[in-house]
Amino acid sequence: MTSRIAKRLFHTGLLALALGLAGCEVKSNPTQEESIPGTPRLPEVAKMDIQADGPGLGKAVYTKWCSICHSDGPGYPGTVALTERYKGTEISGVLLKRTDLDPDFIKGVVRGGLFNMPNFRKTEISDAELDALANYLASSK
Amino acid sequence: MRIPPGVNEADYSAALGEFARIVGSDWVLTSDEDMATYKDTYSPWKGEEKELVASAAIAPDNADDVQEVMKVAHRYGIPIYPVSTGKNLGYGGAAPVYSGSVVLDLKRMNRILGFDETAGTVLVEPGVSYFDLFQYIQERNLPFWVDTPDPGWGSLIGNALDGGMGGTYGMLRHHYESHCGMEVVLADGEVLRTGMGAMPAAKTWQQFRWGYGPYLDGLFKQSNFGVVTKMGFWLGPKPEAFRRGTVFVPRFADLETLVDIKNYLEDTMATNGMPEIGSPLLGGGDLSDPTSAAMYIRTDANIAEMEAQAAKKGGFWSCRFAYYGNAAVIKAQWEHTKALFTDRIPGVTFQDDEVYDLPATPEQMAKFRTHPTILGIPNLLAFQIGGRSAFYPNPTSGHMWFSPVIPRTGAAIIEANRVLVDAAKEYNVPLLWFSPPVSIWPRGQMLVIGVPIREDPQENEQMRNAFRHLIATAAEHGWGEYRTPPIYQDFVQSTYSFNDHIQRRVSEVLKDALDPKGILSAGRYGIWPRHLRKEA
Ligand SMILES: Cc1cc2nc3c(=O)[nH]c(=O)nc-3n(C[C@H](O)[C@H](O)[C@H](O)COP(=O)(O)OP(=O)(O)OC[C@H]3O[C@@H](n4cnc5c(N)ncnc54)[C@H](O)[C@@H]3O)c2cc1C
């Protein structure tokens, strides 16, 4: 399944390109009703003007910055990567379903990046927002 | 604490003190931990000594603060590197080109300053992302859509200044070309408004880009002459309908006519979306398939045999066309497209792809096959490229883009692929085996190839060398890069060498005049201030 999606992505993507695998398939007979697996839904509107220590902050930060890559579904690169990474284990590829996330680990990945995921600076996610995000991800199941 | 090169410690701490007074001490960042976030996560020098780093970052809240910051930087001679959202992944991220510069991080300036609902224009600050603008429009249900590049978190301003592009209407896909009017803080803190903005009472700053007198906006594209604090953009109207159809041609040699007709359709505006050239023979990435179009490029495989194979797969080459507009009009345009091909290419076949009436409901949209960018929906789907998946088990840690502009012909597609595949082979790296061109610009055609970055310095060195070799080989053939990561900016600039590098020499004259102390984005796009120029 994922392999089909990745291949499809390579040619549906605006830049149908390489990384050693240039110019993959141009599918000759897509059926009309077929949808791109996991075409992202419209991004939810996440307002960040919630009080810095307000209860909704962690979720708002998640929605604004993480859901666009880590939502449940095949069109989300973060979820695709983590699903493959944890294949054959109990661990979910979907961030919000993880039960093993430690706040410090989350902060490290957000500030440092991991593989294709770039790092995020304080001007994007402030320290207070990152704390709220880390607690939200570590506790919400 | 790191000190920028060429600055003495006393001046630097005095400047930092003044920066803190202007933007608040929370927004002057200097710790190693913070500076690590201003490296390029996709750096081709990852973890090595040459990796580009910032000495500090300053994050102002508004254009007045930018002006004050530049006055201080100018007084003390502090090298400054402005970024908008700083997400220029594949082309340098937020890291300064001149290592040790102070990054002016404009992400906090994220206001949509004006939205003209009659004209379909918007005026934004540098920190406004495509996601932000899209949400603004959705919340208000405005009859416009956004031409977005694949990474929705990028900024309208940073993307346009770097020469970036999106995926919808022809006239809007080149983001620099769809901007209208800017406000620029110069190196000494003076503020310039371009176009109609030069007239204080102007009502058409975002409508008539030419203003009066020379067109100055061009000076701020891929340059280092100013800090852009506001920029206007044209938006697309939400179309009534969207349609795509694919053309398949049977013979290898048909590529020539296919590209000719595609060009004609674009030039007459009979198609207004982005045409996508491809080949059913590229298969699912199977490099050993002897009938793959890639094999022809690699080994001179037998064309007759491949054409026989193409007959089974639906065609040798394909081109998918996209149309936006009134349902009846775009239907006629697709019929017109088919008629042109039928007239000129025996054996051509067609496939009606999607037809959507717009605006669609979110439920309908969830079923669309079309890449969201083509429907003006910002997203991050493209980050699956190089990311871990069953198809690609060994993920990269990023990539840099190799993107030479080639002529708009079928022959050029074949020639460029052959030449570049051979060049990559010399470095024994599996960089590309056949790249269909992208025709992002209605008048342009280019190849876009991602070169992977990993955690292993040896492998990265090999990729860096291969990348340089590709640039040099392409330049020998007259195919210039349109945009490039910082480590190659000097080199690519040196390939634009007509008349003893007069392009660079004129840029240097402008640099010296507009930024006499040479503090702004030193080295960006190969333009260095006087004190840092290498003796020729
Ligand atoms: C998977 C993937 C897909 C991609 N797809 C696309 C695509 O479809 N289209 C595309 O165009 N790119 C694409 N890119 C490249 C890049 O990531 C985007 O162009 C991105 O939008 C640029 O980042 P930004 O908008 O944050 O620019 P920034 O990083 O803010 O700006 C880029 C540079 O411009 C200069 N600059 C920025 N703001 C200012 C200012 N206010 N004043 C003066 N100088 C300034 C700076 O030198 C800065 O480094 C892709 C990259 C990846 C990794």
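Computed from heavy atoms alone, side chains included, the values below leave out hydrogens, waters and symmetry copies. The sequence lines fix the lettering, A, B, ..., with proteins before strands; numbering per chain opens at 1.
- Contact annotation: the side chain of A:Cys69 never approaches that of B:Trp153 to less than 4.5 Å [non-hydrogen atoms, C-beta and beyond].
- With a 4.5 angstrom heavy-atom cutoff, B:Asp132 touches chain A only via side-chain atoms.
- For the atom pair A:Leu82 CG and B:Arg388 CZ, the distance stands at 8.5 Å (nearest 0.5 Å).
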B:Lys87 vs A:Arg121, side chain to side chain contact (heavy atoms under 4.5 Å, CB included): CA-CA, chis, key distance, verdict: CA-CA 10 Å; B:Lys87 283 263 172 289; A:Arg121 310 183 308 274; 4.3 Å; yes
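- Residue A:Lys122 holds its NZ atom at 5.5 Å from OG of B:Ser31, rounded to the nearest 0.5 Å.
- Checking side-chain atoms of A:Asn116 against main-chain N and O of B:Ile385 turns up a donor-acceptor pair under 3.5 Å.
- Between the NZ atom in A:Lys64 and the CZ atom in B:Phe131 there is a gap of 10.0 Å [rounded to 0.5 Å].
- Counting heavy atoms of neighbouring residues, nucleotides and ligands inside a 6.0 Å radius, atom OH of A:Tyr86 exceeds 12 of them.
- With rounding to the nearest 0.5 angstrom, the NZ atom of B:Lys107 is 10.0 Å from the CD1 atom of A:Ile125.
- Looking at every heavy atom in both residues, B:Lys39 comes nearest to A:Asn119 through O-OD1, 4.1 Å.
- Of the two parts of B:Ala57, neither the backbone nor the side chain holds a non-hydrogen atom closer than 4.5 Å to a non-hydrogen atom of chain A.
- B:Phe383 contributes atom CZ, which lies 9.5 Å from atom CD1 of A:Ile68 (distance to the nearest 0.5 angstrom).
- The part of B:Asp34 that comes within reach of chain A is its side chain, from C-beta onward, which places non-hydrogen atoms under 4.5 angstrom from that chain.
- Heavy-atom pairs under 4.5 Å with chain A peak, among B:Ser403, B:Gly315, B:Gly86, at B:Gly86.
- In this structure, chain A has no heavy atom under 4.5 Å from any part of B:Phe402.
- Around atom CD of B:Glu33, no more than 12 heavy atoms belonging to other residues, nucleotides or ligands sit under 6.0 Å away.
- Considering OG1 of B:Thr41 and CZ of A:Phe115, their distance stands at 13.5 Å, rounded to 0.5 Å.
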